[in-house]
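Only one structure is covered here, and it is reproduced in the block below.
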Amino acid sequence: MTAFNELREMRRQRGGPKNVAKTNLRKADGRAALVFLAPWFLGLFAITLFPLGASAYFSLTDYDLLTPPTFIGFEYFVELFHDTRLHQALKVTLTYVVTGVPLQLIVALLLAMLLNQGMRGMAFYRSVFYLPSLMGGSVAIAILWRQVFGVDGIFNRFLAIFGIEGIGWVSNPDTALWTIVLLHVWTFGSPMIIFLAGLRQIPEMYYEAASLDGASKVRQFLSVTLPLLSPIIFFNLVMQVITAFQAFTQAYVVSGGTGGPSDSTLFYTLYLYQEGFSNLHMGYASAMAWLMVVIILGLTAVNFWLSKFWVFYGD
Amino acid sequence: MSTTTSPSSDLGTRITTLAAQAPHRARAGAWRGTTRSVVRHVLMIAAALIMVYPLLWLLGSSFKPTEIIFRELSVIPTEWDFSNYTTGWQALTEPFGHYMLNSMVIVADSLLGNLVTCSMAAYAFARLKFRGRNVWFAIMLVTIMLPIHVLIVPQYVMFQQVGWINTFWPLIVPKLLATDAFFVFLMVQFFRGIPNELEEAARLDGCGHPRIFLRIMLPLATPALATTAIFTFIWTWNDFFAQLIFLTKDSMKTAPVALRLFLDSSSGSSWGPMFAMSIVTIIPIFLVFLVGQKYLVKGIATTGIK
């Protein structure tokens, strides 16, 4: 709507002879815009659009960096369907996204609600809970994780107190992925802060009215908090799914770059990295990247479609 | 999560009414409130400890001799060993300060690039009227969502052609060209909120766009600039994927890429020095966190960045 109005306004003023001063202003605006946008335009074409086109082209070629690309059509896209390692990568990544994202958001919401009860020292707790989010993506923390969940890591030390004998969590194919999921959940701080800001927007009187009607706390949560917060939960969900699908550092460091043990932490981006930059299969890596874009778009579309059933935008 | 207790605000009014009737019962009610708040604080402190325990343990272990790191759950070392830091600092081909400096250089240039070029682009989108503005704006929004993985292969080829592999240029030039569209969007939102009257007054006084931008917009946009600076710092410092790809020569490596080398070289025998250097790479982020907390929280709450 606003875009349309703006366009109409522009056209009307260009046509009108009486607005000479304004037209001159517009022209000055246009020239200034060119200057102010010059770096951005250059970046858009050189760093984004040109590589985007090249990537589409590479995905249709066989290219190893050393010899010029040879055109092979959609061969690699067909191969993607038969590549068992790719299937494994998809399984690993989707498992990570489907478990890690909701778990993280649930923890984030729970702690945001606890913090929102006007308790003293709220800012302090908020900071402490937020700190891991800042560092969770770093190599240092991934290295720490590798140790904590190693055979003789401190997690097993801790279990030993209760007489439980632990296993090598990162070296066991059944558990390695879950240590990375846990790392993701640990970084719940940023969605928590977004939830906190959202919770503050809910008028206190809704809760007062609900409790006057005899609604229990659980009932209040289900009928007041959840619907009013649902747009924010939805926003977090969409964003977290997109970023979680692109997770790389944790898997790369925890598995030592292999995606092991036995491909159990072979994240999609890690496989893409191996294909492109270890095996120099640039064509295949480009095809993988485009499949990834399609999957992310698909997941986002599913999220939007599902939102019709649970997100509440007021009336 | 008891379902029978009434909400605290209700409890408050009940306490005051009860207070008028029977003072001793009021005291009992207040006591209940205090107990609940104590319980809540104890729970929160426990949760906070669980959250930061891994970080504290990492810090503590960086001062422990490697042989006892695995034996000790405790954060405070029973035996202090400061040599982890000196050993770790010298463990790789270059002293660790060299890698830290590389990271710093990239971060500093990225900061400069993002602050200058993103704010310029944002000014044009937010305050200037020009042909096709909405189309370009829409394109800019789409680029926020574009995963870097779909660009990295051609970018690598491109930068290789111009001989930029193993230089900082592939990491810096994109920032100098405002490709971090997220920050453009962040500042567009901010510039839009600045009242028109200020700009019009400046125009009447004969200010052109460069002066309006520098003298009016930027000073007023300090919070948005601060948020941009802080997130650029943290994201660039933590970045691993692009740095791993573009920097393969040892002397060009950044702190995170170098830190990972410990895993290759050590075969598990030098956890102490590795933890010490892990702490070294985390310190800048922690400092930024301390200084910029206010902007961090605000930035996340209003824009929903990661």
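Predicted, not measured: the structure shown is a model, and the values here were computed from it. The chains referred to below are lettered A, B, ... by the order of the sequence lines, with proteins before strands, and numbering in each begins at 1.
- Of the listed residues A:Thr300, A:Asn156, A:Leu65, the one with more heavy-atom pairs under 4.5 angstrom with chain B than any other is A:Leu65.
- Residue A:Ile161 touches chain B through its side chain alone, counting heavy-atom pairs closer than 4.5 Å.
- At a 4.5 Å heavy-atom cutoff, the contact between B:Ile234 and chain A is made by side-chain atoms alone.
- For a residue to count as touching a neighbouring chain, one of its non-hydrogen atoms must lie under 4.5 Å from one of that chain's; by this rule A:Tyr268 does not touch chain B.
- Counting heavy-atom pairs closer than 4.5 Å to chain B, the top residue among A:Ala142, A:Gly257, A:Ala140 is A:Ala140.
- Ranked by heavy-atom pairs under 4.5 Å with chain B, the list A:Ile154, A:Val293, A:Leu37 is led by A:Ile154.
- Checked against salt bridge (Lys or Arg N to Asp or Glu O under 4.0 Å), B:Arg127 has the following partners two or more places apart in sequence or in another chain: B:Glu199.
- Residue B:Met140 touches chain A through both its backbone and its side chain, counting heavy-atom pairs closer than 4.5 Å.
- For a residue to count as touching a neighbouring chain, one of its non-hydrogen atoms must lie under 4.5 Å from one of that chain's; by this rule A:Phe58 touches chain B with the side chain only.
- When each of A:Met288, A:Arg120, A:Gln147, A:Met282 is scored by its heavy-atom pairs under 4.5 Å with chain B, the top score falls to A:Gln147.
- Residues passing the side-chain hydrogen bond (donor to acceptor under 3.5 Å, both in side chains) test with A:Ser286: none are found, sequence neighbours excluded.
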Practice item. Starting from the C-alpha separation in whole Å, work towards a yes-or-no answer on side-chain contact (heavy atoms from CB on, under 4.5 Å) for B:Asp239 and A:Thr249. Key: CA-CA 9 Å; B:Asp239 175 34; A:Thr249 309; over 6 Å; no
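- Heavy-atom pairs under 4.5 Å with chain B were tallied for A:Ser59, A:Ala285, A:Ser55, A:Ala197; the largest tally goes to A:Ser55.
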Point to revise | Test ring pair (Phe, Tyr, Trp, His ring centres under 6.0 Å) applied to A:Phe277 and B:Tyr156, step by step | key: CA-CA 10 Å; A:Phe277 297 95; B:Tyr156 186 87; 5.2 Å; yes
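- Residue contact with chain B, scored on non-hydrogen atoms closer than 4.5 Å, involves the backbone of A:Ala46 exclusively.
- The part of A:Phe188 that comes within reach of chain B is its side chain, from C-beta onward, which places non-hydrogen atoms under 4.5 angstrom from that chain.
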Exercise for review: May I have the step-by-step check of side-chain contact (heavy atoms from CB on, under 4.5 Å) for A:Met135 and B:Phe289, ending in yes or no?
Suggested key: CA-CA 10 Å; A:Met135 301 170 174; B:Phe289 167 75; over 6 Å; no
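- Both the backbone and the side chain of B:Met44 come within contact range of chain A, judged by heavy atoms closer than 4.5 Å.
- Contact of A:Arg126 with chain B is made through the side chain alone, with heavy-atom distances under 4.5 Å.
- A donor-acceptor pair under 3.5 Å links the side-chain atoms of A:Asp29 to the main chain of B:Lys129, judged by distance alone.
- Considering all non-hydrogen atoms of both residues, B:His149 and A:Ala289 come closest at O-CB, 3.5 Å.
- Ring geometry for B:His209 against A:Phe36 counts as perpendicular: the plane angle is over 60°, on a 0 to 90° scale with 30° as the lower cut.
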Practice item. Just do the side-chain contact (heavy atoms from CB on, under 4.5 Å) check on A:Tyr252 and B:Phe241 with the steps written out, would you? Key: CA-CA 9 Å; A:Tyr252 184 88; B:Phe241 188 67; over 6 Å; no
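- Ranked by heavy-atom pairs under 4.5 Å with chain B, the list A:Val35, A:Ile242, A:Leu111, A:Thr269 is led by A:Thr269.
- Within a 6.0 Å radius of CZ in A:Phe124, other residues, nucleotides and ligands contribute 12 heavy atoms or fewer.
- Between the A:Trp40 side chain and the B:Thr117 main chain, no donor and acceptor come within less than 3.5 Å of each other.
- The contact between A:Ile143 and chain B is made by backbone and side chain atoms together, counting heavy-atom distances below 4.5 Å.
- Heavy atoms from other residues, nucleotides or ligands lying under 6.0 Å from CZ of A:Phe50 number 12 at most.
- The part of B:Leu176 that comes within reach of chain A is its backbone (N, CA, C, O), which places non-hydrogen atoms under 4.5 angstrom from that chain.
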Point to revise | Stepwise side-chain contact (heavy atoms from CB on, under 4.5 Å) check, B:His41 with A:Tyr125 | key: CA-CA 10 Å; B:His41 275 286; A:Tyr125 293 123; 2.9 Å; yes
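- Residue A:Gly43 comes nearest to B:Leu177 through the heavy atom pair CA-CB, 3.5 Å, listed as atom of the first residue, atom of the second, then distance.
- B:Gln293 places no side-chain N or O within 3.5 Å of a backbone atom of A:Ser127 that could act as its donor or acceptor partner.
- Smallest separation of non-hydrogen atoms from A:Ala33 and B:Phe130: CB-CD2, 3.4 Å.
- Among all heavy-atom pairs drawn from B:Pro154 and A:Ala54, the shortest one is CB-CB, 3.7 Å.
- In terms of heavy-atom pairs under 4.5 Å with chain A, the best-connected choice from B:Leu43, B:Ile50, B:Leu55, B:Val288 is B:Leu55.
- In this structure, B:Asn238 contributes its side chain and A:Leu134 its backbone to a donor-acceptor pair below 3.5 Å.
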